[in-house]
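Reading through the structure tokens given below for one structure.
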Amino acid sequence: MGEGGSATHLALVGPTASGKSALGLEVARALGDVEIVSIDSMQIYRGMDVGTAKPTRAERERVPHHMVDVADPWEDWSVARFQAAAREAVTEIEARGKRALLLGGTGLYVQAVVDDLRFPGEDLDRRADLAARVATPDGLAAAYRELEAVDPVAASRIEPANSRRVVRALEVIGTTGKPFSSFGPGVQARGPTALPVSMVGVWLPRAVLADRIAQRFAVMREAGLVEEVRALAAEPRGWSRTARQAIGYKEVLAHLDGGAPDLEAAFDAAVRRTRAFSRRQRMWFRRDPRITWFGAPENSCAVLPALLAWWCR
RNA sequence: GGCCGGGUAGCUCAGUCGGCAGAGCACACGCCUGAAAAGCGUGGGGUCACCGGAUCGACGCCGGUCCCGGCCA
């Protein structure tokens, strides 16, 4: 049976370079009553265009896009911020009598929009102190033991070597006085979605995906990725911690800064990191039982008819 | 042709005085609620170029062969 036809909103997820953006555009065109909400941690940044494979101006004129170009490159960003802004976008779409098509590959962001994840506030000073404490192996071990004592449930979800997650858990416990685990069952728990949505995923064979990733970087290089990075690096207001870690940008920046890797090596590194990212995306999405998968041998657009049949039942 | 350096995991390379073969990357399987294009765990992988020798025991020492790089002719 499935509730594909009864749900109002749609979500289309999948690994990077799978062609889901093009597919999403076709879906939007065919359905006519949807607006796209990009679920992408990097397309939010203005000026980061070629390296994020951002939809073109023409594409955005054809179908309304949200959560694209909503931040400046010198702003730090976060899941919580994304969640609030994306939900607002969805509400506005509903008010227009339309449906949202959530389109993207940032797993945690998708879940933040679709599920009722509540993010306890942050305390950057406390976080910095904890980060300093955890900088040595002994300090990290001690911090983890403390977490085990104060919040065994959270400790069981976090691996002892994962200093960043240990710090965050202790930060929340320190500021709220409540266990980190009391803020939710964890990302692995998946009940019915809070937002009424029908979720679909697209996949391609890994070898095809690897080819597409390599090809896409070659195209981005032609399209001026290096010049884009140079401009962002020269921006007097800076380039935020979250923005500058974007794949491709980070590697090219390292080349421009230190010159250490030659440009060829920088792009090779970016390709490798994208493949690793793609693997993490696969891991994240495939354990979500609410996603219905559609596969194609070469190009995601091949699944369009099946996808429309599924969503129009 | 002579001299010097090198040949170890798919790739780049460590390997102390001879004592069960190592790291990073790649790959695979997983984890993670305010950095998520981030962060983290586990795993599979080897005729240590080849042949012979001394030794209880060789990636390591001795002799030879083959490849690669550099210098000299």
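Computed from a prediction, not measured in an experiment: that's the story for all the values here. Throughout, protein chains are lettered first and strands after them, A, B, ... in sequence-line order, and every chain is numbered starting at 1.
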Is [X] close enough to [N] that one of its side-chain N or O atoms is under 4.0 Å from OP1 or OP2 there?
X       : N       : result
R206(A) : rA28(B) : yes
R127(A) : rA35(B) : yes
R164(A) : rA38(B) : no
Q245(A) : rA36(B) : yes
R279(A) : rC29(B) : no
R282(A) : rC29(B) : yes
T16(A)  : rA37(B) : no
R272(A) : rC11(B) : no

Rounding to an integer number of Å, can you tell me how far [X] [atom1] sits from [N] [atom2]?
X       : N       : atom1 : atom2 : result
L232(A) : rA37(B) : CG    : P     : 18 Å
D40(A)  : rA35(B) : CG    : P     : 17 Å
Y45(A)  : rA36(B) : OH    : P     : 7 Å
R273(A) : rG39(B) : CZ    : P     : 7 Å
M48(A)  : rA37(B) : CE    : P     : 12 Å

So what does [X] touch, heavy atoms closer than 4.0 Å: a base, only the sugar-phosphate, or nothing?
X       : value
R168(A) : base
Q188(A) : sugar-phosphate
G186(A) : base
T52(A)  : base
Y109(A) : sugar-phosphate
D76(A)  : nothing
P15(A)  : nothing
R280(A) : base
W284(A) : base
I158(A) : nothing
G104(A) : nothing
Y249(A) : nothing

As a test of reading the structure: which of [options] is closest to the side chain of [X], going by heavy atoms?
X       : options                   : answer
M283(A) : rC40(B), rA36(B), rG30(B) : rG30(B)
T106(A) : rU33(B), rC29(B), rA37(B) : rA37(B)
E159(A) : rA36(B), rC25(B), rG41(B) : rG41(B)
A246(A) : rA28(B), rA37(B), rC32(B) : rA37(B)
R286(A) : rG39(B), rG30(B), rC32(B) : rG30(B)
R157(A) : rG39(B), rA37(B), rU33(B) : rU33(B)

Worksheet item: Below 4.0 angstrom, N of the basic side chain to O of the carboxylate: do E26(A) and R29(A) qualify?
Response: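 So E26(A) pairs with R29(A) through a salt bridge.
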Worksheet item: Salt bridge between K54(A) and D69(A), side-chain N to carboxylate O under 4.0 Å?
Response: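 The answer is yes: the pair qualifies as a salt bridge.
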Practice prompt. Verify the cluster assignment for V219(A) and V252(A): are they in a single hydrophobic cluster under the rule of side-chain heavy atoms below 4.5 Å apart?
Written response: no
Worksheet item: Under a 4.5 Å side-chain heavy-atom rule over Ile, Leu, Val, Met, Phe, Trp and Tyr, are V34(A) and V68(A) clustered together?
Response: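 No, it is not one cluster - the side chains of V34(A) and V68(A) are not joined through contacts under 4.5 Å.
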Is it true that a side-chain atom of [X] and a backbone atom of [Y] form a donor plus acceptor pair closer than 3.5 Å?
X       : Y       : value
R87(A)  : A112(A) : yes
E148(A) : A155(A) : no
Y45(A)  : R244(A) : no
H65(A)  : I36(A)  : no

Discussion item. Can you give me the closest heavy-atom contact between E298(A) and R212(A), atom names plus distance?
Written reply: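 E298(A) and R212(A) have their closest heavy atoms at O-NH1, 3.5 Å.
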Item to complete: Establish, from distance only, whether the side-chain atoms of W77(A) and S41(A) form a donor-acceptor pair under 3.5 Å.
Response: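 Side chains of W77(A) and S41(A): no pair found under 3.5 Å.
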Discussion item. Please report the distance separating the P of rC13(B) from the corresponding atom of rG6(B), rounded so that it comes out in whole Å.
Written reply: 13 Å
Practice prompt. Sticking with atom P, work out how far rU65(B) lies from rC4(B), rounded to a whole angstrom.
Written response: 14 Å
Item to complete: Give RNA chain B the dot-bracket treatment, 5' to 3': Watson-Crick (N1-N3 with N6-O4 or O6-N4) or G-U (N1-O2, O6-N3) under 3.5 Å, [ ] crossing, | other strand.
Response: (((((((..((((.....[..)))).(((((.......))))).....(((((..]....)))))))))))).
